[in-house]
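See structure below.
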2 protein chains.
Amino acid sequence: MTSSADVASHAGVSRSTVSQILNGHDHRFTPDMVLRVRQAAEDLGYRPSVAGRTLVRGTSDIVITLIPDVTIGPPLRELIDLITQELATAGYTNLLRLASTGASFEDAVLGLRPMGVVSLAPLSPDQRTRLEAQNVRVVEQSLEVQIAIDGAIGRLQAAHLGRMGYSRIAAAMPLIPRELPFATARAQGVRDWCEAEGVQVVDTLHIDMARGAMSHPTTMFGHAQLGVAAYNDDVAMAVVGAASKAGLRVPADIGVIGVDNADFGGVSSPTLSTIKLDLALSSHAIVEALVRGDGLPTSSLEDLSRQFTVIQGESSALTPSGRRPNH
Amino acid sequence: MTSSADVASHAGVSRSTVSQILNGHDHRFTPDMVLRVRQAAEDLGYRPSVAGRTLVRGTSDIVITLIPDVTIGPPLRELIDLITQELATAGYTNLLRLASTGASFEDAVLGLRPMGVVSLAPLSPDQRTRLEAQNVRVVEQSLEVQIAIDGAIGRLQAAHLGRMGYSRIAAAMPLIPRELPFATARAQGVRDWCEAEGVQVVDTLHIDMARGAMSHPTTMFGHAQLGVAAYNDDVAMAVVGAASKAGLRVPADIGVIGVDNADFGGVSSPTLSTIKLDLALSSHAIVEALVRGDGLPTSSLEDLSRQFTVIQGESSALTPSGRRPNH
DNA sequence: CACATCGATTGTCACGTGTCAATCCGTGGA
DNA sequence: TCCACGGATTGACACGTGACAATCGATGTG
């Protein structure tokens, strides 16, 4: 394991010179000296020890990103990639940790003296407090913002179903406790739009996602021309499956729109209408806030709604006017 | 940021005493002294600095797990969780990094002097060489093992379809270059089983997973009673969708089995038959190999096949004997 | 009573780094 | 010739930790 002392002796200079040149203070030195040191570091494959640097600086260049407890599809993956790359450009190292891995998070991570923590899922208030007590910068997807986003998605789904001509609208949510707060916000968003537009709201459908659970659908579809705003594409698929088992036609009798733009929704029959979440522009705001050190600015809801795109599939094409947009 | 010196002065002893008691050498000290130091550390919320420890030991307690460039569903997520927990039990900290985040991996990570790297995706040979040159233990899902696993899955799918009575069998693979080596191994596994059992093999179907691509299915289903072994549940759904658009019945005319046991496959109509991958027992082998320091023992194929379970859905229930197992 | 013994506790060193004060050396002015 | 100047380079320190040698003190032995 080569150290800066090795580089120094290899270049015939003092270790101090090596350290300064490699840390941006090269203007104090002769050009050929700079070149010689750089070359020596290159030859020896020198990588400064994070441990040594952390020790002297009091804080490391490490940022820990907490990954929420959901399946990580292409969009979320891309967001993480972007955050990692932008942090790298700013000189920081992004490392990941699953939020599902118990309380061990703080024990395991705080010893690293990370420069900051990015939490893609809401943190508990005392978790946040403890992190900040250790001078760790925190940028999180707060519960408020998350709920605002979910509400906006619910409204967007309802608006789509209304535009397509469904006269009654319901939300469909999975029976997973962990998802409850978000599901509630979604359903509220659906209700909000319907009340504002004077469209009839039907009680929220609770969908059991266990294998085969929909084989014997109940009379949950007691309405003709019902539009269903599903929690995600999986739930949307369950609704389509249940309707099919009940002998109802999609989209003629029941319309469905999901969220996520999952692969299977684009190739099933019928193809699923869905909402695509574009997370790209958030990454910049996150990294910016982290590096500057202040909190993440609460985006206005106008800004948020721009991040969503309705993708028209066959599952909600009630009216003949429902054409597929070019994509 | 409290250091061991703070704990020492708080307990009225020397820093050396603190260090020894907190590192398992407590048998050398009086019980009440041990208690006093432990209490002081607790009171001050002391967490030893990874940097300091790394510096003096020459290597850190950090393990970096490289996450492959695929969507991370519940099974993979659970594997990562298990690895993290088992490593924590052994005193190591597991941190994650996406494999897709460019070549910056080595620059960013090697400075941490990690104890080891777990790669859930095959590494390039020179990557592995460079890691080992820095005394980093490497445990990877080698290309050979990955291909052996895929071959076994393909055989299992073909065997299921054959058992269900489909007289002709085809593999269905997505058009994604990144997946090509694995897809090829799967198709080969399907072919192997068919040749061994004397069942007719049909040319591999190449499935375009772009939205709406299957709306105008070609004449790819030129065979009655065709069994299709799909690359995953998404591809299986595409096959079902295309069959449906072509006016063919599933499972009567075409049988389909996927891989992954994804949620949507259990609630669609028809429900998808699939293969569930049980990754639990691999985590133990991985951590074991990493902590011991030798390479990951190449599991025999018999062992591997035990990790797979066929889940019977409606999409491959050609024969009346095809009953749904209790689960 | 002197001394060896042994358990309990402490002192010291090294790890690799970044920063800043200190030193070196060549040049120009008085 | 001497000194001040200033740019180029180096020395020394601190960061927090774990391991090991060294020290302390009390007890038992001759």
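Below, all heavy atoms of this structure are taken into account, side chains as well, without hydrogens, waters or symmetry copies. Each chain gets a letter, A, B and so on, in the order its sequence line appears, and its residues count up from 1.
The residue among B/Leu55 and B/Gln20 whose nearest nucleotide of DNA chain D is located toward the 5' end is B/Leu55. In terms of position along DNA chain C, the nucleotide closest to B/Gly12 lies nearer the 5' end than the nucleotide closest to the other residue of the pair A/Ala5 and B/Gly12.
The phosphate of C/dC15 (OP1 or OP2) has no side-chain N or O of B/Thr54 nearer than 4.0 angstrom. OP1 or OP2 of D/dG18 sits under 4.0 Å from a side-chain N or O of B/Ser19. Taking side-chain N and O atoms only, A/Ser14 has no distance below 4.0 Å to OP1 or OP2 of D/dT9. For C/dA8, the OP1/OP2 oxygens have no side-chain nitrogen or oxygen of B/Arg28 closer than 4.0 Å.
Here B/Thr17 lies in heavy-atom contact (under 4.0 Å) with a base.
Separation of atoms OG (A/Ser283) and CG (A/Leu87) is listed at 9.0 Å; rounding is to 0.5 Å.
One can find a donor-acceptor pair under 3.5 Å joining the base of D/dG18 and the side-chain atoms of B/Arg15. You'll find a donor-acceptor pair under 3.5 Å spanning the side chain of A/Ser16 and the base of D/dG11, going by distance alone.
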Walk me through whether A/Leu82 and A/His284 qualify under side-chain contact (heavy atoms from CB on, under 4.5 Å). CA-CA 8 Å; A/Leu82 283 170; A/His284 195 66; over 6 Å; no

Chi angles and distances behind the side-chain contact (heavy atoms from CB on, under 4.5 Å) call for B/Val70, B/Leu76: CA-CA 10 Å; B/Val70 298; B/Leu76 184 51; 4.2 Å; yes

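With distances taken from any side-chain atom of B/Phe29 to the nucleotides C/dT9, D/dA19, C/dT17, the minimum falls on C/dT9.
When the C1' atom of D/dT9 is taken as reference, atom CG of A/Asp32 falls 13 Å away, rounded to whole Å.
Electrostatic pairing of B/Asp81 and B/Arg77 does not count as a salt bridge here, judged by no charged N lying under 4.0 Å from a carboxylate O.
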